[in-house]
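Each remark here refers to the structure printed beneath this line.
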Number of protein chains: 2
Amino acid sequence: MTLMERDDNHLSSVKNALRILKSFTMDEPEKKISDLSATLGLNKSTVSRTMSTLASEGFVFKDPETKKYRLGLSILSLSGIVNSHMDVYRESQPVLNRLVENIGETAHISVLDNLEVIYLNKVECNHPVRFLTHVGKRNPPYCTSSGKVLLAFSNDKIVESVISKGLKKFNKNTITEPENLLLHLKKIRHDGYAHSIEEFLEGVNSIAAPIYDYKGKVIAALSVVGPKQRIQANKIPSLSKRVIQAAMDVSERMGYYPRK
Amino acid sequence: MTLMERDDNHLSSVKNALRILKSFTMDEPEKKISDLSATLGLNKSTVSRTMSTLASEGFVFKDPETKKYRLGLSILSLSGIVNSHMDVYRESQPVLNRLVENIGETAHISVLDNLEVIYLNKVECNHPVRFLTHVGKRNPPYCTSSGKVLLAFSNDKIVESVISKGLKKFNKNTITEPENLLLHLKKIRHDGYAHSIEEFLEGVNSIAAPIYDYKGKVIAALSVVGPKQRIQANKIPSLSKRVIQAAMDVSERMGYYPRK
DNA sequence: TTCTACGTTGCATATAGAGCAACTAGTACA
DNA sequence: TGTACTAGTTGCTCTATATGCAACGTAGAA
């Protein structure tokens with residue numbers, strides 16, 4: 001470890017362990033020690049000992065059949081604590097349940113974290129698009145409806161940072177011009193909702209609206225997402241009213257008093 | 001750290017970090033460095049540096065208002081991966097949704113982990129008892145209906161270990177005699193379900209049934225839980241049929257073929 | 001049967017991490 | 001307003017830990 005890293009005053013062996021945990025993904029929920037060694041640039045005995053320590057506290061376990069490591073149930077225990085003490089998570093649950101029942105599409109609550117959208121809650125409809133999103137999933141904020149809502153009500157520095165990171169083209173409708181994105185955000189502030197028509201994922205549309213706290217600050221976004229065959233462009237105006245209303249319902253449960 | 005711990009071959013600074021994470025609870029979701037120092041027997045500068053490292057990777061954050069630390073969203077990101085790659089979690093979701101809709105009580109999926117019951121999935125009814133359980137919550141296995149189901153279909157060593165840990169009396173109906181517990185487990189194997197009438201929590205009843213995998217092994221339990229005013233003792237026989245059927249539905253989705 | 005890859009572990013060494021002390025900031029109390 | 005106390009941070013030192021290397025064992029593939 002270089003002196004530069006040392007000056008950072010973070011514990012490098014703890015960082016190793018956390019980087020190992022974060023290397024598990026949806027696509028790769030199982031990991032071999034040798035692969036982690038290669039990916040993270042750590043000696044395989046370092047990885048082996050760190051994994052062993054993580055396993056001793058239940059953060060990972062070695063699958064006896066595949067001999068690979070997977071994330072363990074201590075993660076779930078902690079996530080229950082994270083969820084249960086999030087006001088917006090708790091207050092949104094019944095509203096999302098009703099919305100999903102009425103509209104018939106999957107709905108989410110999300111926030112901006114580290115210049116990304118992260119989904120805090122999700123209620124699936126009866127005919128979900130499999131593996132589209134999941135609680136904890138992170139997505140780019142500039143080409144998802146909830147991300148655009150959150151950016152629209154964020155300060156300029158955050159928007160500039162997202163733009164600086166680059167607006168990668170994920171799909172044919174992805175916004176890649178900074179000026180175009182800023183225009184979109186302006187319109188979103190005016191309309192009170194955002195939509196995404198195949199901006200991020202092929203064949204996937206979504207609509208989102210802001211959730212306010214008791215101070216009137218936008219703290220989260222509520223969104224519905226589904227295939228374009230079911231969330232057709234011509235249905236977006238009527239659906240957006242439902243989404244705005246649901247987001248307002250959650251806001252009111254958060255103590256927000258809308259001014260008429 | 002003693003030589004004995006050293007022989008354990010676990011990385012002590014990583015263990016410190018994991019113990020700090022695990023010290024967050026439902027009742028104490030916010031932590032001060034000085035409190036952690038006292039609780040964990042670590043120097044406050046050790047705790048401070050470890051927290052700083054955990055924060056740098058998003059596992060905790062310092063609440064600007066309370067100046068205390070809370071669990072961060074990296075936990076949520078990992079838990080999404082844990083959930084999504086659990087077959088029993090995925091396959092149980094629609095069954096739990098239907099069951100909760102039909103019965104009107106909260107339902108769970110749980111497994112045995114480290115001699116405790118841990119809840120993997122939860123679908124809340126429209127009138128939940130607040131803060132009863134949450135995903136990731138751990139409970140003693142000998143006085144919850146799902147725990148008793150899981151013990152009933154576990155090998156004798158596991159049951160003996162639970163008994164050796166002691167059968168603490170949580171409520172007036174808690175089973176505290178080992179022989180009595182073994183009789184209960186035998187009856188559960190015979191009946192195909194378990195119930196708890198205020199064995200663990202005051203005023204709370206529950207019913208659970210086993211979930212089988214494709215090999216016919218019990219891998220989880222499905223349960224419903226509610227206040228005794230709604231889950232009355234005389235309703236348990238009819239409710240248990242619904243719970244057994246729902247658990248069987250999940251089992252079949254897991255590839256289990258029941259022998260007739 | 002042999003070879004290769006993976007994971008584990010003994011050992012040596014360099015440095016990271018733990019603890020102490022000093023400092024800063026904030027709060028409570030007189 | 002001033003003082004005292006507590007909490008948290010950070011510089012510094014020293015020792016024990018963590019890392020990496022090499023060797024070993026095991027399992028699977030050729």
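Here is how names work: the chains are called A, B, and so on, in the same order as the sequence lines, proteins then strands, and each is numbered from 1. This is a predicted model, so every value here is computed, not measured. Side-chain atoms are counted along with the backbone in the values below, which use heavy atoms only and exclude waters and symmetry mates.
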Round to a whole Å and report the spacing from [atom1] of [X] to [atom2] of [N].
X	N	atom1	atom2	value
Leu42(B)	dA16(D)	CG	P	17 Å
Leu36(A)	dT8(C)	CG	P	12 Å
Arg19(A)	dA18(D)	CZ	P	17 Å
Lys32(B)	dG26(C)	NZ	C1'	12 Å
Met51(A)	dC6(C)	CE	C1'	14 Å
Ile33(A)	dT19(D)	CD1	C1'	15 Å
Leu11(A)	dA18(C)	CG	C1'	10 Å

Distance-only, no hydrogens or angles: does the [X] side chain make a donor-acceptor pair with backbone N or O of [Y] under 3.5 Å?
X	Y	value
Asp113(B)	Glu116(B)	no
Ser251(A)	Tyr212(A)	yes
Ser77(B)	Lys137(A)	no

Quiz item: Hey, is Glu57(A) close enough to Arg19(B) for a salt bridge, meaning N to O under 4.0 Å?
Solution: no
Exercise. Please work out whether the ring planes of Phe170(A) and Tyr142(A) are parallel, tilted or perpendicular, with thresholds of 30° and 60°.
Key: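 Aromatic pair Phe170(A)/Tyr142(A) classed tilted.
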Practice problem: Can you check whether any acceptor in the base of dG19(C) is under 3.5 Å from a donor in the side chain of Arg49(B), or vice versa? | Solution: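 Result: at least one qualifying N/O pair found.
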Residue [X], side-chain atoms from C-beta onward, closest of [options]:
X	options	result
Ser45(A)	dG17(C), dT8(C), dG20(D)	dG20(D)
Lys44(A)	dT9(D), dC6(C), dA18(C)	dC6(C)
Asn16(B)	dA18(C), dA18(D), dT9(C)	dA18(C)

Quiz item: What pairs with Glu160(B) under salt bridge (charged side-chain N to carboxylate O under 4.0 Å, His left out), at least two apart in sequence or on another chain?
Solution: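 Glu160(B) satisfies salt bridge (charged side-chain N to carboxylate O under 4.0 Å, His left out) with no residue once adjacent residues are dropped.
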Quiz item: Hey, which of these two, Val14(A) or Lys31(A), hits DNA chain C nearer its 5' end, going by closest nucleotide?
Solution: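 Whichever sits nearer the 5' end wins; that is Lys31(A).
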Exercise. Please tell me which of Asn43(B) and Gly41(A) maps to the more 5' nucleotide of DNA chain D, matching each residue to the nucleotide holding its nearest heavy atom.
Key: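 Nearest-nucleotide comparison on DNA chain D picks Asn43(B).
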Quiz prompt | Lys169(B) NZ: over 12 foreign heavy atoms closer than 6.0 Å | solution = yes
Quiz prompt | Intermediate values then yes/no, side-chain hydrogen bond (donor to acceptor under 3.5 Å, both in side chains), Ser45(B) and Asn43(B) | solution = CA-CA 5 Å; Ser45(B) 54; Asn43(B) 195 280; 2.8 Å; yes
Quiz prompt | Close approaches to DNA chain D from residues 54-69 of chain A, in residue order (heavy atom, under 4.0 Å) | solution =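 Those residues whose heavy atoms fall under 4.0 Å from DNA chain D, taken from residues 54-69 of chain A, amount to none.
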Practice problem: Output yes when at least one side-chain N/O atom of Ser34(A) is less than 4.0 Å from OP1 or OP2 of dG7(C), else no. | Solution: yes
Quiz prompt | Phosphate OP1/OP2 of dA18(D): any Ser12(B) side-chain N/O under 4.0 Å | solution =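 Indeed, a polar side-chain atom of Ser12(B) lies that close.
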Quiz item: Hey, are the side chains of Ile211(B) and Val218(B) touching, using non-hydrogen atoms and a 4.5 Å cut-off?
Solution: no
Practice problem: Rounded to 10°, tell me the angle between the two end axes of the helix from dT1(C)-dA30(D) to dA30(C)-dT1(D), each built from five pairs. | Solution: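 End axes: 40° apart.
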Quiz item: So what does Asp35(B) hit on the nucleic acid, given a heavy-atom distance under 4.0 Å: a base, only sugar-phosphate, or nothing?
Solution: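 Answer is nothing: Asp35(B) stays at 4.0 Å or more from every strand.
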Exercise. For Ser13(A), report the nucleic acid contact type (base, sugar-phosphate, nothing); a contact means any heavy atom under 4.0 Å.
Key: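 The answer is sugar-phosphate, as Ser13(A) gets under 4.0 Å only of primed atoms, P, OP1 or OP2.
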Practice problem: Evaluate side-chain hydrogen bond (donor to acceptor under 3.5 Å, both in side chains) for Thr133(B) paired with His108(B), printing each intermediate quantity in order. | Solution: CA-CA 9 Å; Thr133(B) 60; His108(B) 298 94; 2.5 Å; yes
